[in-house]
Every structure is written in C-alpha cells, then in structure tokens.
Peer 1: 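Below is the structure I would like to discuss, written out as structure tokens.
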Amino acid sequence: MDLLKVKSISKTYGSGETAVRALKNVSFSVPKGEFVTVVGESGSGKSTLLNMLGALDAPASGKVLIDGNDIFSMKERELTVFRRRNIGFIFQAFNLIPELTVEQNMIFPLLLDYRKPNREYLEELLSVLNLRERRHHLPNQLSGGQQQRVAIGRALITRPALILADEPTGNLDTQNSSEVIALLREASRKYEQTIIMITHNRSIAQTADRVLQVSDGVLTDFGRCRE
Ligand SMILES: Nc1ncnc2c1ncn2[C@@H]1O[C@H](COP(=O)(O)OP(=O)(O)O)[C@@H](O)[C@H]1O
Ligand SMILES: [Mg+2]
C-alpha cells in the first residue's frame, strides 16, 4: 500500500517577472515503510517539496494523500491534529525549546496532544539515541550531534507513519551523521515508518531504498536502489 501519494503538485513563488516556479507537476508514490532520499542542487525545490508533503505550505495545484487522506482538503484544526499524529519533522535547525530538558523536549508533541508518553518507548528511544545520561540536561548543555538526536527523538516519539527530514545531518560530523542515518533506518524498519529525507551527501543518499532527484522544480524518480 502507498503511504504517500503526490499527484501533480505545482508551486510558484511571487508573480509576474519575478515569479519562481519552484515545483512543476511533481508526482510520485511511496509505499509504507520505504526509506527515500531526495537529492538535487541548492534552490532546486527540495525544501518546497518537503514542506508540501507536511502541509507546512500549500501547492498552487495538485494533491497530497497520506494514508489515503487528502491533506489539503482538511480544515486547519483537523490538519494540525493530523500532522501532529502522523508526521514527524526533522529540520537542520534543531528547534529545541531551551527551557525544557532533553526528556521534556522529546515528549513535547505528546503533551500538545494531551497524551501520556509510553515510558517503555521513551526509554528505548533515549537508549538508542544514546541520551540516557543526558535526559535531564538542557539543550545548551549538549553538543550539536546530541541536540540533533533529541530532535529526532521528538520526531519519533509519536511513532508517526511519515517522517520528513530536511538535511538532518547538515550540521553534524561524519560519525554523527552515520549514526543518525542508521537510527532513522532502524526506526523505519522496526515500526514500518516511511521516511523522506533530503540530503546533500551522495553516499548517504545511496543508502536509501529509493532516490528521488529534484532539478529546477522537476522530479526524477531513479527507482528502487535494490529489490
Ligand atoms: N518563501 C519563498 N519566497 C520566494 N521564493 C522562494 C521561497 N522559498 C523558496 N523560494 C525559491 O524557490 C526555489 C526552490 O527553493 P527551495 O525549495 O528552498 O530549494 P532547495 O531546498 O532545493 O535548496 C528557489 O529558487 C528559492 O529561491
Ligand atoms: Mg532546502
């Protein structure tokens, strides 16, 4: 079953002579549990695409279906709840809340939804993210790699069906990058989560099940890397 269906989405920023056609009739589908990387030059439309998949921005035309739900036909409130329950975002900027500890930052999306964290899963995440000893630390007491791991924990805590990551390893060294990727891959396998990850790093891109390339707003699907 396809977890994600993108049907001919287009996006233009601005109008008239300064208009930028950031996405041109982009269509693709991703089966549940697949790990997809998105590559392409800077300014090619990768972040615009990812923002549309998470309904952080709306396309001029086209549809995005997540688990069969047409996200742009939802009302704002419905969409907010849907997004919180079904999509995990990981950005290059960690966007942690400075006053909250590691653990509090991680469970924050659940609290927003008046849900209690599953202690067992929280412990498991702290463990695989290698943050057990840092659970009561504040973000400014952590290294960049540790902060990014907290942001990943926060994206995973709700066990979202879809994880959207925009250059999540952009601020990390090679060692930390490999660990972060391994972790995401493990999550996607274990919980059958679908991951769409933008990366500049070719060797990281090649570790995915499938690579998509965006070039000047046009998407090319290179197909499955292995069967
Ligand atoms: N909010 C915006 N307003 C105007 N133009 C934008 C905006 N966001 C992105 N763009 C333009 O759209 C194109 C695609 O940008 P983006 O999706 O951020 O590319 P990438 O993530 O691949 O670097 C670029 O030409 C960029 O300048
Ligand atoms: Mg970008």
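Counting starts at 1 for both ligands and their atoms, in listed order. Residues: numbered from 1 along the sequence shown. Every heavy atom of this structure was used, including side-chain atoms; hydrogens, water molecules and symmetry mates were not.
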Peer 1: Give a yes or no on whether the backbone of Asp166 and the side-chain of Gln92 come within a donor-acceptor separation of less than 3.5 Å.
Peer 2: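 Judged by distance alone, no pair lies under 3.5 Å.
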
Peer 1: Hey, is Asp216 close enough to Arg21 for a salt bridge, meaning N to O under 4.0 Å?
Peer 2: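 Between Arg21 and Asp216 there is no salt bridge, as every charged N stays at least 4.0 Å from the carboxylate O atoms.
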
Peer 1: Just verifying a value: how many Å separate Thr37 OG1 and Ile204 CD1, rounded to the nearest 0.5 Å?
Peer 2: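 Result: 9.5 Å between the selected atoms.
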
Peer 1: Any heavy atom of Gly14 sitting closer than 4.0 Å to ligand 1?
Peer 2: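 Contact check Gly14 vs ligand 1: negative.
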
Peer 1: Would you say Ser203 and Asn201 are linked by a side-chain donor-acceptor pair, where the criterion is simply a distance under 3.5 Å?
Peer 2: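 Their side chains do contain a donor-acceptor pair, which is all the 3.5 Å distance test asks for.
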
Peer 1: What I want to check is whether the side chains of Tyr13 and Thr48 have a donor and an acceptor closer together than 3.5 Å.
Peer 2: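 Short answer, yes.
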
Peer 1: Under 4.0 Å from any heavy atom of Thr48, which atoms of ligand 1 are there?
Peer 2: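 Every atom of ligand 1 under 4.0 Å from some heavy atom of Thr48: 14 (C), 15 (O), 16 (P), 17 (O).
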
Peer 1: Under 4.0 Å from a heavy atom of Ala22: give me the atoms of ligand 1 that qualify, with their elements.
Peer 2: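 Those qualifying, in numeric order: 12 (O).
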
Peer 1: May I ask whether atom 9 (C) of ligand 1 is less than 4.0 Å from at least one protein heavy atom?
Peer 2: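 Protein heavy atoms within 4.0 Å of atom 9 (C) of ligand 1 - there is at least one.
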
Peer 1: Would you kindly say whether Ser8 and Asn25 are connected by a side-chain donor-acceptor distance under 3.5 Å?
Peer 2: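 Yes, Asn25 and Ser8 have a side-chain donor paired with an acceptor closer than 3.5 Å.
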
Peer 1: Could you check atom 18 (O) of ligand 1 against the protein and tell me its nearest heavy-atom contact, residue, atom and distance included?
Peer 2: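 For this ligand atom, the closest protein heavy atom is Ser47 CB, 3.8 Å.
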
Peer 1: Any atoms of ligand 1 less than 4.0 Å from a non-hydrogen atom of Glu41? List them with their elements.
Peer 2: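 Counting from 1, the qualifying ligand atoms are 22 (O).
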
Peer 1: What's the shortest distance from atom 11 (C) of ligand 1 to any protein heavy atom, and which residue and atom give it?
Peer 2: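 Scanning the protein heavy atoms, the shortest distance from atom 11 (C) of ligand 1 goes to Tyr13 CD1, 3.8 Å.
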
Peer 1: Does the Lys NZ or Arg CZ of Arg159 fall within the cation-pi geometry relative to Tyr121 - under 6.0 Å from the ring centre and within 45° of the axis?
Peer 2: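 Yes, cation above the ring, under 6.0 Å and within 45°.
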
Peer 1: Measure from the side-chain N and O atoms of Thr194 to the backbone N and O of Gly33, and report whether any donor-acceptor pair falls under 3.5 Å.
Peer 2: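 Between the backbone of Gly33 and the side chain of Thr194 there is a qualifying donor-acceptor contact (under 3.5 Å).
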
Peer 1: With a 3.5 Å distance limit and no angle check, can you tell me whether Asn105 reaches the backbone of Thr101 through a side-chain donor-acceptor pair?
Peer 2: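 Yes: the side chain of Asn105 pairs with the backbone of Thr101.
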
Peer 1: List nothing but the number: protein N/O/S atoms under 2.8 Å from the Mg ion (ligand 2).
Peer 2: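 Every protein N, O or S atom under 2.8 Å from the Mg ion (ligand 2) counted, the figure is 1.
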
Peer 1: Can you check salt bridge (Lys or Arg N to Asp or Glu O under 4.0 Å) on Arg135 and Glu123, steps first, answer last?
Peer 2: CA-CA 10 Å; Arg135 66 199 302 157; Glu123 293 308 318; 2.6 Å; yes

Peer 1: Students should be able to answer this: which protein heavy-atom is nearest to atom 23 (O) of ligand 1, and at what distance?
Peer 2: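 Atom 23 (O) of ligand 1 sits closest to the protein heavy atom Gly43 N, 2.7 Å.
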
Peer 1: For atom 19 (O) of ligand 1, which of Ser42, Gly217, Gly45, Ser215 has the closest heavy atom?
Peer 2: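 Among Ser42, Gly217, Gly45, Ser215, the closest heavy atom to atom 19 (O) of ligand 1 belongs to Gly45.
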
